[in-house]
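Okay, here's the structure, questions in a sec.
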Amino acid sequence: MTGANNFSVSGYGPERAGWTRLFARDSLARRLDWPILLSAVTLSLIGSALIYSATRNRTEINQGDQYYFLIRHLMNTGIGIGLMVGTIWLGHRTLRTAVPILYGLSVFLILAVLTPLGATVNGAHAWIVIGGGFSLQPSEFVKITIILGMAMLLAARVDAGDKAYPDHRTVLQSLGLAAVPIMIVMLMPDLGSVMVMVIIILGVLLASGASNRWVFGLLGAGALGAIAVWQLHILDEYQINRFAAFANPDLDPAGVGYNTNQARIAIGSGGLFGTGLGHGSQTTGQFVPEQQTDFVFTVAGEELGFVGAGLILVLLGVVLWRACRIARETTELYGTIVAAGIIAWFAFQAFENIGMTLGIMPVAGLPLPFVSYGGSSMFAVWVAVGLLQSIRVQRPMSA
């Protein structure tokens, strides 16, 4: 199916052209899920304000320009929205046929990270430096590839009417597809991304209708794998220290526990309405590291208070709620699996990011979707929104 055909399915062919038909019942604009779109845009704009507050006085990283990170975040958001539009135009069904190409490209990119092209940021050798101050984190796009690839395999025979649910051989093939990039990402090591990918796999399997034995088996294998990784000393020392600090918050408060302790102080000092943008002592004093990326929620907690931080949670909740509705209403298993994978991704990553600032989850270096600074993350989540919109746009009107 071509992109043009996708629009025709949406009632957006030549006979529908013109502003007079833009909001007709069967038009593209009416089929879009506006709560998701508006919530995602609002989150990105809130992120812009938080990032500006956190970096405007950071001359060591903002190149002497207080608007440096703000402008780049807005640019990333604009590019992300453009990628969303392109994804809707292509459609999730067209991307289904392109999965082998996308999978090969994503594996190539994460392998490139392990070459001299790769760069280390915050202890993780997970980046490719492009130049001009720009870098790429391929593991963000691997999340999308795993979702599309597993959905393609698990739904193939079910959507064709040959089976009622995926058989054991198909499930094993889909797990093998996901295992290859996960093992490569583990070598970087990028433990946070691996955690998200494992949660995505669980969400995809649950949505596919596969036997629960696979889910329990995967959980057991994950537990054994975690023990093996720990015993074989595969993790870097800084990652081990993060888990140690999570298990014992009082361990080395000026060292490995510093980030979490300062984050909780920042959030706790915000009260109900916060200190106001640009007036947070923790943020202004630069006590919390990486506030524009991993710890951006601390800026919201301190300067916007419980109300502002709560608004972020509500908006994320709207995105997840509408995504669940899209997954439930689609008539094809492929669309249901893709939506479920995105839900698992967004839900866990948001929970982990916010949880680590509150001290209820270990520090894992994961950005807050739509809010944190970072081009790769922003591009990936907006492509995911495009997939959700495509699933909704192409469903029958009676759904």
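Sequential numbering from 1 along the given sequence is applied to the chain's residues. In this text, all values refer to a predicted model and were calculated from it rather than measured experimentally.
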Exercise for review: State whether the side chain of D190 and the backbone N or O of V185 hold a donor-acceptor pair below 3.5 Å, judged by distance alone.
Suggested key: no

Exercise for review: Could you pull out the closest heavy-atom pair between G278 and S53, with the gap in Å?
Suggested key: N-OG, 3.2 Å

Review point. Taking the side chain as C-beta and beyond, is there a heavy-atom pair between V338 and Y334 under 4.5 Å?
Key: yes

Check your understanding: Within the side chain of T336, is there an N or O that forms a donor-acceptor pair under 3.5 Å with the backbone of A327?
Key ->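 Looks like yes, one N/O pair under 3.5 Å.
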
Practice item. For the residue pair L114 and M188, establish whether any side-chain heavy-atom pair is separated by less than 4.5 Å. Key: yes

**Study point:** salt bridge (charged side-chain N to carboxylate O under 4.0 Å, His left out) contacts touching residues 296-324 (sequence neighbours left out)
**Key:** D33-R322

**Study point:** Heavy-atom check, side chain of P181 versus side chain of I146, under 4.5 Å
**Key:** yes

Check your understanding: Do T145 and L105 touch side chain to side chain, with heavy atoms closer than 4.5 Å?
Key -> no

Point to revise | In one Ile/Leu/Val/Met/Phe/Trp/Tyr side-chain cluster, 4.5 Å: V296, V307 | key: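 No, because V296 and V307 fall into different hydrophobic clusters, even though each may have its own neighbours under 4.5 Å.
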
Practice item. Please confirm whether the backbone N or O of S281 pairs with a side-chain atom of T284, one donor and one acceptor, at under 3.5 Å? Key: no

Point to revise | Criterion side chain to side chain contact (heavy atoms under 4.5 Å, CB included) on V318 and T42, from CA distance to verdict | key: CA-CA 11 Å; V318 170; T42 304; over 6 Å; no

Exercise for review: Check whether any side-chain heavy atom of V385 lies under 4.5 Å from a side-chain heavy atom of F370, and answer yes or no.
Suggested key: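 A side-chain contact under 4.5 Å exists here.
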
Check your understanding: Counting N and O atoms only, with roles assigned by atom type, does the side chain of H279 sit under 3.5 Å from a partner on the main chain of G274, one being a donor and the other an acceptor?
Key -> no

Check your understanding: F295 and F287: aromatic ring centres closer than 6.0 Å?
Key -> no

Review point. Given the rule in the side chain to side chain contact (heavy atoms under 4.5 Å, CB included) test, do F141 and L136 qualify, once you have shown the distances and angles that lead to the verdict?
Key: CA-CA 10 Å; F141 303 101; L136 181 71; 3.4 Å; yes

Review point. Looking at side-chain heavy atoms only, is the closest gap between L148 and L387 below 4.5 Å?
Key: yes

Point to revise | Hydrophobic cluster identity match, M75 and Y67, side-chain contacts under 4.5 Å | key: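 Yes; Y67 is reachable from M75 via cluster members.
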
Point to revise | Heavy-atom side-chain proximity of W345 to I147 below 4.5 angstrom | key: yes

Point to revise | Separation between CG of N62 and CG of N57, rounded to the nearest 0.5 Å | key: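 Answer rounded to 0.5 Å: 8.0 Å.
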
Review point. Do the side chains of L172 and M150 join up, straight or via other hydrophobic residues, at under 4.5 Å, putting them in one cluster?
Key: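 Result: yes, single cluster for both.
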
Check your understanding: Yes or no on side chain to side chain contact (heavy atoms under 4.5 Å, CB included) for L311 and L304, after CA distance, side-chain angles and deciding distance?
Key -> CA-CA 10 Å; L311 176 61; L304 301 182; over 6 Å; no

Check your understanding: Looking only at atom types and distance, does a side-chain atom of T357 sit under 3.5 Å from a main-chain N or O of T298, one as donor and one as acceptor?
Key ->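 Not a single qualifying donor-acceptor pair exists.
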
Practice item. Take T55 and Y373 through the test side chain to side chain contact (heavy atoms under 4.5 Å, CB included) and record every step on the way to the result. Key: CA-CA 11 Å; T55 61; Y373 175 79; over 6 Å; no

Exercise for review: Report the distance from atom NE2 of H92 to atom CG of L388, rounding to the nearest 0.5 Å.
Suggested key: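 Separation between the atoms: 10.5 Å.
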
Check your understanding: So if you build clusters from Ile, Leu, Val, Met, Phe, Trp, Tyr with side-chain heavy-atom gaps below 4.5 Å, do V371 and L313 land together?
Key -> yes

Review point. What are the two closest heavy atoms between Q291 and Q282, and how far apart are they?
Key: OE1-O, 4.2 Å

Check your understanding: For atom CD1 of I101, is the number of surrounding heavy atoms from other residues, nucleotides or ligands below 6.0 Å larger than 12?
Key -> no

Point to revise | Contact summary for L358 and R264, nearest pair of heavy atoms | key: O-CD, 3.3 Å

**Study point:** R157 side-chain N/O to P166 backbone N/O, donor-acceptor pair under 3.5 Å
**Key:**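 Absent.
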
Review point. Honestly curious: do F379 and I81 fall in one hydrophobic cluster under the side-chain, below-4.5 Å linking rule?
Key: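 Result: yes, single cluster for both.
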
Check your understanding: What pair of heavy atoms forms the shortest contact from I88 to G386, and how long is it?
Key ->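 Minimum heavy-atom separation between I88 and G386: CG1-O, 3.7 Å.
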
Check your understanding: When rounded to the nearest 0.5 angstrom, what is the spacing between CD1 in I71 and CG in N76?
Key ->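 Here the interatomic distance stands at 12.0 Å.
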
Review point. Is the centre of the F69 ring less than 6.0 Å from the centre of the Y52 ring?
Key: no

Study note, to complete from the structure: Between A54 and Q292 the two heavy atoms that sit nearest each other are CB-N, 4.4 Å

Check your understanding: Do any N or O atoms from the side chain of S372 and from the backbone of P367 form a donor-acceptor pair under 3.5 angstrom?
Key ->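 Here the side-chain-to-backbone pair does not exist.
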
Point to revise | L320 CG to I36 CD1 distance, which is reported to the nearest 0.5 Å | key: 9.0 Å

**Study point:** For S377 against Q349, the heavy-atom pair lying closest together
**Key:**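 Smallest heavy-atom distance, with atoms named: OG-NE2, 4.4 Å.
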
Point to revise | Residues in side-chain hydrogen bond (donor to acceptor under 3.5 Å, both in side chains) contact with W382, at least two apart in sequence or another chain | key: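 Partners of W382 by the side-chain hydrogen bond (donor to acceptor under 3.5 Å, both in side chains) criterion come out as none, since no residue qualifies.
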
Review point. Heavy-atom distance under 4.5 Å between the side chains of S139 and M197, does that happen here?
Key: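 Yes, at least one pair of side-chain atoms sits under 4.5 Å.
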
Review point. Between N212 and V215, is there a donor-acceptor pair closer than 3.5 Å when you use the side chain of the first and the backbone of the second?
Key: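 No, N212 side chain to V215 backbone: no donor-acceptor pair under 3.5 Å.
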
Revision key, fill the gap. The reported gap from CG in L316 to CG in L43 (rounded to nearest 0.5 angstrom) is 5.0 Å

Practice item. Drop me the distance from Q63's CD to Y68's OH, to the nearest 0.5 angstrom. Key: 4.5 Å

